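The block underneath contains the structure these notes are about, expressed in structure tokens.
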Amino acid sequence: MRSTLARRATTVAAAAALIAGGVGIGTAVAAPTVGLVPAAGTTTPATSATKTVDNISVTKSVEGNAALKPGDTVTYKTVFSVTSIVDRYVSAITDVAPAGFTYVPSSAKVTAYHVSGGMQTDPVTATVDPASGAVSVSNPGGWIVSKPLGGSAKQLTLEVSYTVPANATAGTFDSGVTFKVNTWTGTQSFNPMGVFVTVTVPTSPGGGTNPGGGTTPGGGTTGGTGSSGLPFGSS
């Protein structure tokens, strides 16, 4: 009898630990990080990556050219789909760009399923975090993501554009995404995501480079990374 009670107690404790950790229902995470760089030795930075949690698959990619210069515009596209017949409702998405990249006003748009009209692309009101520059969109009722038997899949897509800052440091920089799902606990985070852009700072007359970490014609250096080693701008 005692051994039976002990086994039951152990089972309950283990289940509670799984729920607390978010297994199968999502895991709470810390605030997004920004300005991440690829690991040493990376030679061909990826411009698209796919990650999964439970039955949700998330693919983020750079639309168009990932080779950038200060002042250029870059667009990231994130697509949500499901791998089973269990529907999901995504209620919030936060796109995380490299530090210093600035959101292009009114560029955020969502392609989602509508009961009336089917799949539609609409502009959405975005919220920009003043500290990190991360761009968030939300729909409390949730955008449906589904894969019905014998029917058409309903994916969810977010597109967001940014401007590369004029004082950008040359380098290769990662990005990320976080999101919330109705009925799941906490925020799901793929940050970093492993989707990179490469910034090149043009050479100025006289052999130096523009501000943002390059050398000046006199041989000195300007700019550099911000505090905590972030690429451009402070932490």
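Given the structure is predicted, the values throughout are model-derived calculations rather than measurements.
The hydrophobic clustering, which links ILVMFWY residues whose side-chain heavy atoms are closer than 4.5 Å, places F101 and V128 together.
Pairs engaging residues 128-138 under the salt bridge (charged side-chain N to carboxylate O under 4.0 Å, His left out) rule: none recorded [sequence neighbours left out]. Within the structure, every pair that satisfies the side-chain hydrogen bond (donor to acceptor under 3.5 Å, both in side chains) test and touches residues 133-144, not counting sequence neighbours, is listed here: T94-S136.
Looking at residues two or more places apart in sequence or on another chain, you find a ring-ring contact (aromatic ring centres under 6.0 Å, His included) between F80 and F179. Applying the side-chain contact (heavy atoms from CB on, under 4.5 Å) criterion to K77, with sequence neighbours excluded, gives S61, E63, V79, T157, E159. Here K51 pairs with nothing under the salt bridge (Lys or Arg N to Asp or Glu O under 4.0 Å) rule; sequence neighbours left out. Under the salt bridge (Lys or Arg N to Asp or Glu O under 4.0 Å) criterion, D87 pairs with no residue at all, not counting sequence neighbours. Listed by chain and residue number, nothing satisfies the side chain to side chain donor-acceptor pair (under 3.5 Å) test with S152 (two or more places apart in sequence, or in another chain). For the side-chain contact (heavy atoms from CB on, under 4.5 Å) test, residues two or more places apart in sequence or in another chain that qualify with T121 are K109, T111. Partners of V104 according to the side-chain contact (heavy atoms from CB on, under 4.5 Å) rule, which considers only residues two or more places apart in sequence or in another chain, are T73, S107, S161, T163. Taking T200 as the reference, nothing meets the side-chain contact (heavy atoms from CB on, under 4.5 Å) condition, with sequence neighbours excluded. Listed by chain and number, the residues in a side chain to side chain donor-acceptor pair (under 3.5 Å) with Y162 are D95 (sequence neighbours excluded).
Across every non-hydrogen atom of N182 and P140, the tightest pair is ND2-O, 3.4 Å.
Residue L149 shares its hydrophobic cluster (ILVMFWY side chains chained together at separations under 4.5 Å) with I85.
Side-chain atoms of S57 and T83 form no donor-acceptor pair, as typed in the model, at a separation below 3.5 Å.
Remark: K154 NZ is packed, more than 12 non-hydrogen atoms of other residues, nucleotides or ligands lying under 6.0 Å away.
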